Amino acid sequence: MGHGRFFEKCMKKILVIGKGGQLAGAFERAGRGSRFSIVSFNREEFDITDEVLSEKRTKDEKPDILINTAAYNAVSLCEKESVKAFSVNCVAVRNLAKLSRMHRIRFVTFSTDYVFDGRKNAPYTEDDVPNPLQMYGITKLAGEYGARSMYPEGAYIIRTNGLYGGKIGSPQKGNFVLNILKEAEGKDRIEVAEDQFANPTYADHLARAVLSFLETSADPGLYHLANRGSCSWYECAKEVYRRMDIQKELVPVRRGEESTGIRRPLYSVLDSHKAEGFGILMPSWQDGVEDYVSFLRRG
């Protein structure tokens, strides 16, 4: 048997849900040249709230792994549209886990640092007790429980932090980097929070890490994966402007726990040591900004 045919036989098929989003696009790029064959579907092709369509797509495609990148992640809208947020972030995730169990395939879905209240003031591990401050975090935590309870032997829940990537970012809200660049187009003075700390994570780094992680012997369960290190959003904005050679005045401001009517954790840095135990080492958040700026400049 030729090497090409052997590789083809060994290649695992991944079905990615959420095409058009920043993370799904990152998986498409990460899959090129990998040991995975990736097919992705957008909302019209694979609506995770439609159980009949979800079953049909999965049965037709026969993937080895199902990766869900779809989410209702507009934090402020989750407060106003909590039923819809629960439908997408919890009920649909549980149903996808059930579907994956029926077809005996591995299931990967993503959660958020917003399941924590930010009062630990140290990086959060998987063993820390969640306490979300807003509806978005509540619905994502419920989705975690739904996936783990429905399919404990095959569901991987990946919490990440401050995700950004793609040319347009998230269809619902862009992303921090793109939004801060857009602000520079119309303002000479830009205010950015100096009291909210995270580890901003580049979607392409996350996707590559997840694919590598899936080739390890890691058991199903809950894992943190975010770019290494931490910073305030003000520090992140400074790094973005430095990399883009933008000469605008950045003003550090204290937003507090509640801003724009939504409670947010002030310190939601994630600790990824559990995944590092399987050889998965994420680049630094500064490397993430550098690589994303290069991606944007390539046009």
Side-chain angles (χ1 to χ4, degrees), residues 4-72 87-111 143-144 146-160 163 165-166 171 203-223 225 275 278 280:
R5 290 178 62 84
F6 178 75
F7 180 80
E8 182 177 336
K9 187 176 180 179
C10 292
M11 184 176 284
K12 298 292 185 182
K13 182 176 183 180
I14 296 177
L15 194 163
V16 175
I17 307 167
K19 184 176 183 178
Q22 54 191 357
L23 186 52
F27 273 111
E28 291 169 356
R29 289 186 290 274
R32 297 167 192 157
S34 75
R35 296 184 65 85
F36 295 98
S37 169
I38 293 181
V39 58
S40 58
F41 289 102
N42 61 29
R43 182 180 176 183
E44 287 70 33
E45 298 164 330
F46 195 133
D47 183 348
I48 64 174
T49 63
D50 185 332
E51 289 189 68
V52 175
L53 181 59
S54 297
E55 164 65 22
K56 182 180 186 304
R57 287 298 187 200
T58 305
K59 187 175 180 180
D60 290 346
E61 293 297 329
K62 298 179 174 62
D64 299 290
I65 303 166
L66 181 65
I67 296 181
N68 174 42
T69 71
Y72 196 66
S87 175
V88 175
N89 293 343
C90 174
V91 178
V93 171
R94 180 184 181 277
N95 290 339
L96 289 173
K98 179 181 179 181
L99 183 62
S100 298
R101 188 185 70 184
M102 288 171 51
H103 288 273
R104 298 182 180 179
I105 60 179
R106 287 194 284 176
F107 176 56
V108 180
T109 194
F110 294 87
S111 191
E144 292 183 12
R148 296 179 75 180
S149 63
M150 179 55 67
Y151 194 22
E153 69 275 22
Y156 295 81
I157 296 94
I158 310 293
R159 287 183 186 144
T160 194
L163 191 68
D204 286 52
H205 287 176
L206 178 61
R208 289 198 291 268
V210 170
L211 293 187
S212 296
F213 181 74
L214 289 172
E215 295 191 279
T216 72
S217 60
D219 290 330
L222 176 64
Y223 296 88
L225 272 177
F278 295 95
I280 308 302

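A quick note: this is a predicted structure, and the numbers were derived from the prediction, not measured.
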**Main-chain N/O of I17 paired with T69 side-chain donor or acceptor, under 3.5 Å** = yes
**Message:** R101: which residues meet the salt bridge (Lys or Arg N to Asp or Glu O under 4.0 Å) condition with it, sequence neighbours left out?
**Reply:** none
**Message:** Testing I38, L211, L214, I105 one by one against I65 for a side-chain contact (heavy atoms from CB on, under 4.5 Å), which residue passes?
**Reply:** L214
**Item:** Worked verdict on Y151 versus R94 for side chain to side chain contact (heavy atoms under 4.5 Å, CB included)
**Value:** CA-CA 9 Å; Y151 194 22; R94 180 184 181 277; over 6 Å; no
**Request:** Mind listing the closest non-hydrogen atom pair of P220 and A155 along with its distance?
**Result:** CB-O, 3.4 Å
**Heavy-atom pair with the smallest gap, counting every atom of S87 and T49** = OG-CG2, 3.6 Å
**Asked** F41 and V16: side chain to side chain contact (heavy atoms under 4.5 Å, CB included), yes or no, with the steps?
**Response** CA-CA 6 Å; F41 289 102; V16 175; over 6 Å; no
**Prompt:** Can you check whether Y156 and F107 have ring centres sitting under 6.0 Å from each other?
**Reply:** no
**Prompt:** Atom CE of M150 and atom CE of M102: how far apart are they, to the nearest 0.5 Å?
**Reply:** 10.5 Å
**Message:** For G221 versus Y223, what's the shortest heavy-atom pair and its separation?
**Reply:** O-CD1, 3.6 Å
**Fill in**
Smallest heavy-atom separation, F110 atom then I67 atom, equals CE1-CG2, 3.8 Å
**Check: F27 and S40 side chains under 4.5 Å, non-hydrogen atoms** = no
**Request:** Step by step, work out the side chain to side chain contact (heavy atoms under 4.5 Å, CB included) result for R106 and L66.
**Result:** CA-CA 6 Å; R106 287 194 284 176; L66 181 65; over 6 Å; no
**Prompt:** If you round to the nearest 0.5 Å, how far is CG of D64 from CE of M11?
**Reply:** 11.0 Å
**Asked** Taking all non-hydrogen atoms of both residues, which atom of I48 and which atom of L96 are closest, and how far apart?
**Response** CG2-CD1, 3.8 Å
**Message:** Using 0.5 Å steps for rounding, measure from the CZ atom of F213 to the CG atom of L206.
**Reply:** 11.5 Å
**Request:** State whether the side chain of K62 and the backbone N or O of K59 hold a donor-acceptor pair below 3.5 Å, judged by distance alone.
**Result:** yes
**Any residue meeting side-chain hydrogen bond (donor to acceptor under 3.5 Å, both in side chains) with S111, in chain and number order, not counting sequence neighbours** = E144
**Atom of P171, atom of G21 and distance for their closest heavy-atom approach** = CD-CA, 4.0 Å
**Heavy-atom donor-acceptor pair, T160 side chain to L225 backbone, under 3.5 Å** = yes
**Prompt:** Does any non-hydrogen side-chain atom of K12 lie less than 4.5 Å from one of R35?
**Reply:** no
**Prompt:** Does the R57 side chain pair with the main chain of E45, one donor and one acceptor, at a distance under 3.5 Å?
**Reply:** yes
**Complete:** Interatomic distance, CD1@I14 vs OG@S37, rounded to 0.5 Å, equals 8.5 Å
**Item:** Separation of S100 OG from K98 NZ (nearest 0.5 Å)
**Value:** 12.5 Å
**Message:** Could you go through V108 and N68, starting from their C-alpha distance and side-chain angles, then the distance that decides it, and tell me whether this counts as side chain to side chain contact (heavy atoms under 4.5 Å, CB included)?
**Reply:** CA-CA 6 Å; V108 180; N68 174 42; over 6 Å; no
**Prompt:** Between R29 and D204, is there a salt bridge with N-O shorter than 4.0 Å?
**Reply:** yes
**Request:** Report yes or no: does K13 contribute a side-chain atom to a donor-acceptor pair with the main-chain N or O of E61 at less than 3.5 Å?
**Result:** yes
**Prompt:** Any side-chain heavy-atom pair from F46 and K19 closer than 4.5 angstrom?
**Reply:** no
**Asked** Just by modelled atom types, is the Y72 backbone N or O under 3.5 Å from a matching donor or acceptor in the N89 side chain?
**Response** yes
**Fill in**
The side-chain hydrogen bond (donor to acceptor under 3.5 Å, both in side chains) partners of E55 (sequence neighbours excluded) come to H103
